[in-house]
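Below, chains carry the letters A, B, ... as their sequence lines are ordered, and counting in each starts from 1. Bear in mind that the values here come from a model prediction, so they are computed numbers and not experimental data.
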Amino acid sequence: AQSVTQLDSQVPVFEEAPVELRCNYSSSVSVYLFWYVQYPNQGLQLLLKYLSGSTLVKGINGFEAEFNKSQTSFHLRKPSVHISDTAEYFCAVSDWKGDKIIFGKGTRLHILP
Amino acid sequence: SAVISQKPSRDICQRGTSLTIQCQVDSQVTMMFWYRQQPGQSLTLIATANQGSEATYESGFVIDKFPISRPNLTFSTLTVSNMSPEDSSIYLCSVGSGGAYEQYFGPGTRLTVT
C-alpha cells in the first residue's frame, strides 16, 4: 500500500523568497505523484503531476517538483513566492492502476510580508 | 478538466438528521469519488462511485451511514445519515480523468452538526 508523508505541517516564508515543501512517499510499486493546492474556503486544484518521463515537472503558478526515486521524494519548489500563494498544499500518490489517490496531511504555506 | 458543482455549499444540521449532498459534472465521467476533510485535516476517501455498480467503501465507512447514488455519468449524491457532531466536515466529490490518474475536485460542502 502507498503512503505519503509531508514533513512540515506549516512553512512560513517571506514574500519573494524561495520555498520548498517536502514530500516523501512509500510504495512497493510504480507510482504516480501529485501536488494539489487548496486556497482558503475552496476545493482542491491540481498543481502538477508526475506520471513518467522527465523527473522535473513544471506546474501552474510557477511551481515545479522533482521526482527522486532513490530518495522516494517529490518535493515542491517555487523560486519566489507571492502573498497569493497562501494556501494548503497536499502531496498525493496513486499506484499504476490509478483507481485511488492517497493524500498527505498537508502543508500550510504562510507568506510573511 | 471537468467543471464540478456541489450543493449545498454549506449547511448547519441538527444531530440525528440526514443531509444529502449533490455532485454535478459538466461531462460524462466513469469514476467519481467522495472524500471527507475534517477540520485541519487531510482528505480521507469515503467511497468510489462508478455508474452502474455499487459504491465501493473504504475501511471505516459503511453504506448505512453514507449511502451513495450514481444514477448516471454526470451526477452522484452522498447522504450523511443520523448525523452527530463528529460528522462536521467538508465533504468533497471528485472525478477521475480519462485514465483516472489525477482527480478534479468540486468546491466542497461544509457541514456543521449541532
Side-chain angles (χ1 to χ4, degrees), chain A residues 1-10 21 23-25 27 29-53 57 59-60 65 67 74 87-110, chain B residues 1-10 21 23-26 29-51 53 55-61 89-112:
Chain A
Q2 298 86 38
S3 67
V4 177
T5 301
Q6 291 185 246
L7 297 164
D8 304 297
S9 59
Q10 293 190 64
L21 305 184
C23 173
N24 287 89
Y25 68 92
S27 177
V29 299
S30 297
V31 297
Y32 303 120
L33 294 157
F34 312 91
W35 276 98
Y36 284 85
V37 60
Q38 185 176 34
Y39 297 105
N41 300 312
Q42 295 188 28
L44 273 73
Q45 181 180 2
L46 181 66
L47 263 182
L48 49 79
K49 63 187 178 188
Y50 172 79
L51 302 182
S52 65
V57 180
I60 62 172
F67 171 60
F74 191 55
E88 188 93 18
Y89 291 80
F90 293 95
C91 183
V93 63
S94 169
D95 68 13
W96 62 271
K97 291 183 292 183
D99 59 355
K100 189 184 300 185
I101 290 181
I102 306 298
F103 286 85
K105 292 184 179 294
T107 298
R108 185 171 297 276
L109 180 58
H110 182 46
Chain B
S1 62
V3 176
I4 304 160
S5 60
Q6 286 185 234
K7 289 181 182 180
S9 58
R10 59 178 62 224
I21 303 168
C23 179
Q24 180 76 51
V25 189
D26 69 341
V29 294
T30 302
M31 304 180 76
M32 294 182 78
F33 307 86
W34 286 99
Y35 289 85
R36 181 173 72 182
Q37 186 179 22
Q38 293 178 302
Q41 302 295 316
S42 185
L43 283 76
T44 302
L45 181 64
I46 297 171
T48 302
N50 293 336
Q51 196 269 339
S53 62
T56 302
Y57 288 83
E58 297 299 304
S59 175
F61 297 96
S89 292
I90 299 173
Y91 291 86
L92 299 108
C93 73
S94 73
V95 302
S97 64
Y101 299 134
E102 69 253 36
Q103 295 178 18
Y104 300 101
F105 285 81
T109 296
R110 186 178 296 269
L111 171 63
T112 303

- Query: Can you find a pair of side-chain heavy atoms, one from B/Q37 and one from A/F90, that are under 4.5 Å apart?
  - Reply: yes
Interface check, chain A: of B/P107, B/G40, B/G106, most non-hydrogen pairs under 4.5 Å belong to B/P107
Original post:
Does any N or O in the side chain of B/S42 come within less than 3.5 Å of the main-chain N or O of A/G104, such that one atom is a donor and the other an acceptor?
Top reply: yes
Notebook entry, point to check: Under a 4.5 Å cut-off applied to non-hydrogen side-chain atoms, are A/F34 and B/Q103 in contact?
Noted result: no
Rounded to the nearest 0.5 Å, the NZ atom of A/K100 sits from the OG1 atom of B/T56 at a distance of 9.0 Å
Looking only at A/R108, A/Q42, A/Q38, most heavy-atom pairs under 4.5 Å shared with chain B are made by A/Q38
Sequence neighbours excluded, the answer for salt bridge (Lys or Arg N to Asp or Glu O under 4.0 Å) partners of B/D26 is none
Honestly, the part of B/E58 sitting under 4.5 Å from a heavy atom of chain A is side chain
So OG of B/S94 and CD1 of A/I101: to nearest 0.5 Å the spacing works out to 7.0 Å
Applying a strict 4.5 Å limit to non-hydrogen atoms, the region of A/E88 in contact with chain B is neither
So, the part of B/L43 with a heavy atom under 4.5 Å from chain A: the answer is both
Correct closest heavy-atom pair for A/L44 and B/F105 would be O-CB, 3.6 Å
